[in-house]
Amino acid sequence: PYSVWCDSGYQTDSVYQVASEHDILWPTKGFGSAQDAGLRYTQPKKKTVQTRVIGEGWHINKLQPGNLRRVDLVHVSADHWKSWLHERLSISKTADGAITLFDAAPTEHLDIAKHLTSEKQVTEYDKARNRVITLWQRIHRNNHWLDAAYLACAAASQQGVRVAPEQRPEEPEPLRMDEWFGGKRR
């Protein structure tokens with residue numbers, strides 16, 4: 001892999017230490033309504049010395065934790081990416097951009113289904129911003145695979161992966177009778 005994103009909310013110092021030793025590991029911090037601190041993500045408007053890269057619902061900030069060499073922290077909009085993930089899980093499995101699970105008996109996917117549905121999407125009116133916002137509220141405690149899945153989607157975005165409509169080959173115009181044999185009659 002070119003990029004591995006790791007939630008730095010648990011054992012932060014260890015994650016930073018390993019990231020300082022391996023260039024493909026990127027510590028992350030999710031910001032959203034269901035996160036522990038309940039802090040919402042704020043997308044930077046432009047790059048700065050501190051903010052190195054800005055993507056869709058994520059940005060990378062430069063850190064200097066202790067005496068470690070380079071460590072960048074990826075700030076991620078948990079609400080945005082959970083919505084993005086659930087949209088792709090909810091559409092037809094044959095639709096462009098669908099995310100599917102491998103074919104198995106329904107009980108095979110019970111554990112991941114519990115994690116993916118451990119939070120619910122709600123819409124609220126934010127008086128301070130005078131707009132409707134989408135939030136995720138925790139229903140069950142075990143949401144680890146939901147967090148891992150939305151981080152994988154955001155990491156794919158950072159690597160340039162995009163949902164694109166399937167390119168179907170154009171059907172050629174039907175030939176007229178006089179064109180069947182290169183314009184020559186047989």
Side-chain angles (χ1 to χ4, degrees), residues 3-10 12 15-16 19 25-65 71-101 109 112-166:
S3 183
V4 177
W5 286 18
C6 182
D7 187 344
S8 65
Y10 178 69
T12 304
V15 173
Y16 288 172
L25 183 68
W26 298 78
T28 66
K29 174 67 179 143
F31 293 88
S33 53
Q35 309 319 107
D36 293 329
L39 299 173
R40 292 203 181 121
Y41 176 79
T42 302
Q43 180 91 28
K45 297 193 185 331
K46 62 181 182 176
K47 290 190 227 176
T48 65
V49 172
Q50 181 72 21
T51 302
R52 300 159 57 100
V53 180
I54 301 171
E56 177 190 343
W58 58 266
H59 66 276
I60 300 174
N61 276 0
K62 184 178 180 179
L63 293 180
Q64 292 294 330
V71 174
D72 293 329
L73 178 65
V74 183
H75 294 246
V76 183
S77 172
D79 292 332
H80 170 79
W81 285 102
K82 287 174 186 176
S83 296
W84 192 96
L85 171 65
H86 272 263
E87 286 171 14
R88 274 128 196 97
L89 288 167
S90 301
I91 60 177
S92 167
K93 68 181 180 180
T94 59
D96 295 333
I99 294 179
T100 62
L101 302 177
H109 298 305
I112 194 163
K114 287 179 180 177
H115 280 257
L116 292 175
T117 59
S118 63
E119 297 179 15
K120 69 176 181 174
Q121 187 178 23
V122 295
T123 305
E124 293 180 355
Y125 178 71
D126 185 343
K127 290 180 185 176
R129 296 187 202 168
N130 193 27
R131 65 183 177 123
V132 175
I133 56 173
T134 301
L135 308 169
W136 285 82
Q137 293 179 343
R138 186 173 288 164
I139 301 169
H140 304 290
R141 185 176 175 147
N142 287 334
N143 69 340
H144 311 300
W145 295 350
L146 171 61
D147 286 350
Y150 91 73
L151 284 175
C153 293
S157 165
Q158 186 254 348
Q159 289 296 306
V161 176
R162 301 288 179 267
V163 175
E166 181 182 332

Looking only at heavy atoms, what is the nearest atom pair of [X] and [Y], with distance?
X    : Y    : result
S118 : L146 : OG-CD2, 4.1 Å
P27  : V15  : CB-CG1, 3.9 Å
A98  : S92  : CB-O, 3.3 Å
H59  : P44  : ND1-CD, 3.3 Å
K47  : I54  : N-CD1, 3.7 Å
G97  : R88  : O-CG, 2.7 Å

In Å, rounded to the nearest 0.5 Å, how long is the span from [atom1] of [X] to [atom2] of [Y]?
X    : Y    : atom1 : atom2 : answer
I60  : Q50  : CD1   : CD    : 12.0 Å
K45  : T51  : NZ    : OG1   : 12.5 Å
L135 : T123 : CG    : OG1   : 8.0 Å
E119 : R138 : CD    : CZ    : 5.5 Å

Answer yes or no: is there a side-chain heavy-atom contact under 4.5 Å between [X] and [Y]?
X    : Y    : value
Q158 : W58  : yes
W136 : H86  : yes
E124 : D126 : no
C153 : I99  : yes
W81  : E56  : yes
D147 : K82  : yes
T42  : R40  : no
K114 : N142 : no

Query raised in the report: Can you name the side-chain contact (heavy atoms from CB on, under 4.5 Å) partners of A152, sequence neighbours left out?
Result: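 In terms of side-chain contact (heavy atoms from CB on, under 4.5 Å), with neighbours along the sequence ignored, A152 is linked to no residue.
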Requested in this report: Go through the structure and list residues passing side-chain contact (heavy atoms from CB on, under 4.5 Å) with A149, not counting sequence neighbours.
Outcome: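 With sequence neighbours excluded, A149 shows a side-chain contact (heavy atoms from CB on, under 4.5 Å) to L85, L116, given in chain and number order.
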Report task. Over 60° means perpendicular and under 30° means parallel, so classify the ring planes of H115 and H144, tilted if in between. Result ->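 Ring orientation, 0 to 90° scale: tilted.
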Requested in this report: Verify the neighbour count for atom CZ of R141: are there more than 12 heavy atoms of other residues, nucleotides or ligands below 6.0 Å?
Outcome: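 At most 12 heavy atoms, drawn from other residues, nucleotides or ligands, come within 6.0 Å of this atom.
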Query raised in the report: Would you find more than 12 non-hydrogen atoms of other residues, nucleotides or ligands less than 6.0 Å from Y125 atom OH?
Result: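 Counting other residues, nucleotides and ligands, OH of Y125 exceeds 12 neighbours.
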Query - Step-by-step side-chain hydrogen bond (donor to acceptor under 3.5 Å, both in side chains) determination, Q43 to S77 - result: CA-CA 8 Å; Q43 180 91 28; S77 172; over 6 Å; no
Report task. Apply the test side chain to side chain contact (heavy atoms under 4.5 Å, CB included) to residues V76 and L151: give CA-CA distance (whole Å), side-chain angles for both, the deciding distance (0.1 Å), then the verdict. Result -> CA-CA 8 Å; V76 183; L151 284 175; 4.0 Å; yes
Query raised in the report: Among all residues two or more places apart in sequence or in another chain, which pass the side chain to side chain donor-acceptor pair (under 3.5 Å) test with E87?
Result: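 Listed in chain order: nothing, the list is empty.
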Query raised in the report: Checking side chain to side chain contact (heavy atoms under 4.5 Å, CB included) for the pair L73/Y16: CA distance, chi angles, key distance, verdict?
Result: CA-CA 9 Å; L73 178 65; Y16 288 172; 3.9 Å; yes
**Report entry** Cation over ring face, K29 and F31, 6.0 Å, 45°
**Finding:**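 Yes, K29 sits over the ring of F31.
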Query raised in the report: Is there a donor-acceptor contact under 3.5 Å linking the side chains of T28 and D7?
Result: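 Per modelled atom types, T28 and D7 side chains form no pair under 3.5 Å.
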